[in-house]
Amino acid sequence: MGQPMEILRDLPAFTAWRRALPSSARVGFVPTMGNLHEGHLALVTAAQSASDRVVVSIFVNPLQFTDAADLARYPRTETADLAALAAAGVDAVFLPSVDGLFPDSRPSVGIAPGSLAEPWEGAARPGHFAGMATIVAKLFHLVVPTVAVFGQKDFQQLRIVQAMVRDLDFPVEILAEPTHRAADGLALSSRNRFLSPAERDRAPLLQQQLRRTAAQLRAGELAEPVRIEPVLIESVLSEARQSLRAAGFEVDYFALCDVDTLLPTVQIERAVLLAAARLGAVRLLDNLLL
Ligand code: PAF
């Protein structure tokens, strides 16, 4: 039987716990905003396989919300989250308050996430990625992880964190964990709970459409180089957007992008399909690596 899970809310208590770990300990870190589901627990399992001690943070980060109502209604389920993390064998949970992390309510210095943060989610939610990268940088300084695990579901977030770590030489390895899905293919997300039963039935169509589009793009692929005509790509993507609209989705974007730059591409080698579409009040995100 291991040690009981530490629940640390204030910063000095957390840093004291962290400093008391042996310097040889490999520390795995999973940053979260709580309302944990199987997808988060899979990140914990990945962290456990890559380290000796696992820290999970739960912090609903106000810096990355562009809408106060969205921040207010973000689901907070601390008791259930702590029970799930204890059952998963996590070593410590860090649950700072906003005041504890930012005594002046907001930091005056932050991370500028650069061009990767401009398109797609960055265009839909200006400032979101700067707020996300700033809190992740701060948590990395406090947790001092050997490895940190991020889900591929938030593909643009993952790419920005990888770029931040590379460009600013954070001494941490980033592990990318494949998206966890419900049995019908819907990517797990804390926001799925806001889908009505009818919307929940329709939601897996987003993933099905990504698969169909990927198959169409692959079928149009030429042997050498792996490049298909831009006009073919545009017609396949536009057909995908139309079928989602016909199924009741409001499509924000459905695009074929280069995995490194996240800009639209006509090469399907090293490409990812990125999609965001709204069903009622819920914005669903998903992606598929080609
Ligand atoms: O993906 C999330 O839950 C958040 O963006 C993160 C990485 C915990 C930063 O607040």
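All values derive from a computational prediction rather than experimental measurement. Order of listing sets the numbers, starting from 1, for every ligand and every atom in it. Quick note: residue numbers are just sequence positions, from 1.
Set against the non-hydrogen atoms of I135, the atoms of ligand 1 under 4.0 Å away are 9 (C), 10 (O). Those atoms of ligand 1 that come under 4.0 Å of a heavy atom in M132, given as number and element, are 5 (O). Atoms of ligand 1 lying under 4.0 Å from any heavy atom of P31, numbered from 1 in the order shown and given with element: 8 (C).
Summarising the local packing, CD of E38 is surrounded by 12 or fewer heavy atoms from other residues, nucleotides or ligands at distances under 6.0 Å.
Under 4.0 Å from ligand 1, the heavy atoms of T32 that appear belong solely to its backbone.
Protein heavy atom in closest approach to atom 3 (O) of ligand 1: M33 CG, 3.6 Å. The protein heavy-atom contact nearest to atom 2 (C) of ligand 1 is Q157 NE2, 3.9 Å. Among all non-hydrogen protein atoms, the one lying nearest atom 4 (C) of ligand 1 is Q64 NE2, 3.6 Å.
Among all heavy-atom pairs drawn from N287 and L210, the shortest one is N-CD1, 3.7 Å.
The one candidate from D154, I160, L158 that meets the side chain to side chain contact (heavy atoms under 4.5 Å, CB included) condition with Q156 is I160.
Between F14 and F94, the ring planes are parallel. Angles under 30° get that label, and only those over 60° would be called perpendicular.
In this structure, R211 does not pair ionically with D286, as no charged nitrogen and carboxylate oxygen lie closer than 4.0 Å.
Side-chain atoms of D52 come within 3.5 Å of backbone N or O of R26 as a donor-acceptor pair.
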